[in-house]
There are 2 protein chains.
Amino acid sequence: MVGEKYSLLVLREIFFGVRRFDGIARNTGAPRDVLTARLRHLVDAEVITKVQYHERPPRFEYHLTDAGQELRPVLLLLTQWGDRHLVDRPPVVWEHHCGTDLEPVVSCRDCGEEIGPGQLTPRFASPEWTAAGHLDVAGS
Amino acid sequence: MVGEKYSLLVLREIFFGVRRFDGIARNTGAPRDVLTARLRHLVDAEVITKVQYHERPPRFEYHLTDAGQELRPVLLLLTQWGDRHLVDRPPVVWEHHCGTDLEPVVSCRDCGEEIGPGQLTPRFASPEWTAAGHLDVAGS
DNA sequence: GGGGTTGGTTGGTTTTTCCAACTGACCGGA
DNA sequence: TCCGGTCAGTTGGAAAAACCAACCAACCCC
């Protein structure tokens, strides 16, 4: 989903409130035909929906579904990472309704501790993955 | 960075502990030449480093830098989203050192509240963005 | 000495992306 | 009524990227 070029940028724009074809095209720099394909794909994946805002000619806006809304934390975190490592100064800050500039933190629901390195071990659902050498964590 | 095909998958593998070329190639399904390019790119971006583990012939492992480690929460959250919306059952769970299966939550550092829809408003660093109609949030 | 592992590179084909131009249906102003 | 602009795409051809199978060098173990 997010591995396709521009799909994350498209979502970013929609999170900003830019919901129309031309606006998204301008802000992402995506070629219009590629954008058409991406939007269709995101609609198919039920991340966004096409909402008609004008009868004739038919004009549409792209709105987030509930599933799409749940991607917001991912974007927020990715943005934070980019702000820290890729740019000098954050080009945009999100103001939280508590009045401060948002700094998102990720923590464990159960113990409340913030996630840091060395706290996690993966456990795989089906043993055949590892057995087939398909995911040989050990041998590396 | 993450928009390029396979780069997120490569990082996932390294987070799993798969650090060598052949293992990453197997688990991601990336063509070897593409993988070569991605790894080089990630090294250039200082997300991972090439660590020699054998002298002759020279053999390398790819390890996360500090910046790379900080991408882990992003992957965790993205995985959580995929588990919820794209697959039936999570193929892998991360065990937190507190003893439970990790469910990551994102919250505001200042007020501690979990991030939900409708709590955030964007503020842009340079007004020319909006002024140029380059990012016209309003007009949509 | 034969087979397997490892970390790539190479050459040629297929798939995507890119880009500029075009379309059709409107709207507002002169 | 004509002219320009907006909007959401579509089209065709060129450029870039991905894909794939084969190859390579330098080991290792038996």
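These figures come from a predicted structure and were not determined experimentally. Residue numbers start from 1 in every chain, and the chains themselves are labelled A, B, ... in the order their sequence lines are given, proteins ahead of strands.
- When the P atom of C:dT6 is taken as reference, atom OH of B:Tyr62 falls 14 Å away, rounded to whole Å.
- Counting heavy atoms from C-beta outward, A:His96 and B:Asp110 have side chains that stay 4.5 Å or more apart.
- Closest to the side chain of A:Arg56, from the set D:dC19, C:dC26, C:dG7, is C:dC26.
- Checking the phosphate oxygens (OP1, OP2) of D:dA21, no side-chain nitrogen or oxygen of B:Arg32 falls inside 4.0 Å.
- When distances are taken from the side chain of B:Thr36 to each of C:dG8, C:dT6, D:dC20, the shortest belongs to C:dG8.
- One can place CZ of A:Arg38 at 8 Å from C1' of C:dT16, the figure rounded to the nearest angstrom.
- When the P atom of C:dG7 is taken as reference, atom CD of B:Gln52 falls 11 Å away, rounded to whole Å.
- Atoms CD (B:Glu61) and C1' (C:dG8) sit 16 Å apart, rounded to a whole Å.
- Heavy-atom nearest nucleotides on DNA chain D were determined for A:Lys5 and for A:Arg40, and the one closer to the 5' end corresponds to A:Arg40.
- Ion pairing between A:Arg26 and A:Glu13 fails under the 4.0 Å rule for side-chain N and carboxylate O.
- No side-chain heavy atom of B:Gln80 sits under 4.5 Å from any side-chain heavy atom of B:Leu102.
- The distance between atom CG of B:Leu39 and atom C1' of C:dT6, rounded to the nearest whole Å, is 14 Å.
- Listed nucleotides C:dG8, D:dA26, D:dA18 differ in distance to B:Pro57; the shortest reach to its side chain belongs to D:dA26.
- With hydrogens and angles ignored, no donor-acceptor pair closer than 3.5 Å exists between the side chain of A:Arg20 and the base of D:dA8.
- The nearest whole Å value for the distance from the CD atom in B:Glu55 to the P atom in D:dC28 is 12 Å.
- Remark: A:Glu4 does not engage A:Arg40 in a salt bridge, criterion side-chain N to carboxylate O under 4.0 Å.
- Mapping A:Phe60 and A:Asp33 onto DNA chain D by nearest heavy atom places A:Phe60 closer to the 5' end of the strand.
- Counting only heavy atoms from C-beta outward, the side chains of B:Leu11 and B:Leu64 approach each other to under 4.5 Å.
- Look at CD on B:Glu4: it is 16 Å from P on D:dA16, rounded to the nearest Å.
- In this structure, A:Gly29 and A:Arg59 both approach DNA chain C, and ranking their closest nucleotides by distance from the 5' end singles out A:Gly29.
- Of the candidates D:dC19, D:dG9, D:dA18, D:dC19 carries the atom nearest the B:Tyr6 side chain, counting heavy atoms from C-beta on.
- Taking atom NE2 of B:His54 as the reference point, atom C1' of C:dG8 lies 16 Å away to the nearest angstrom.
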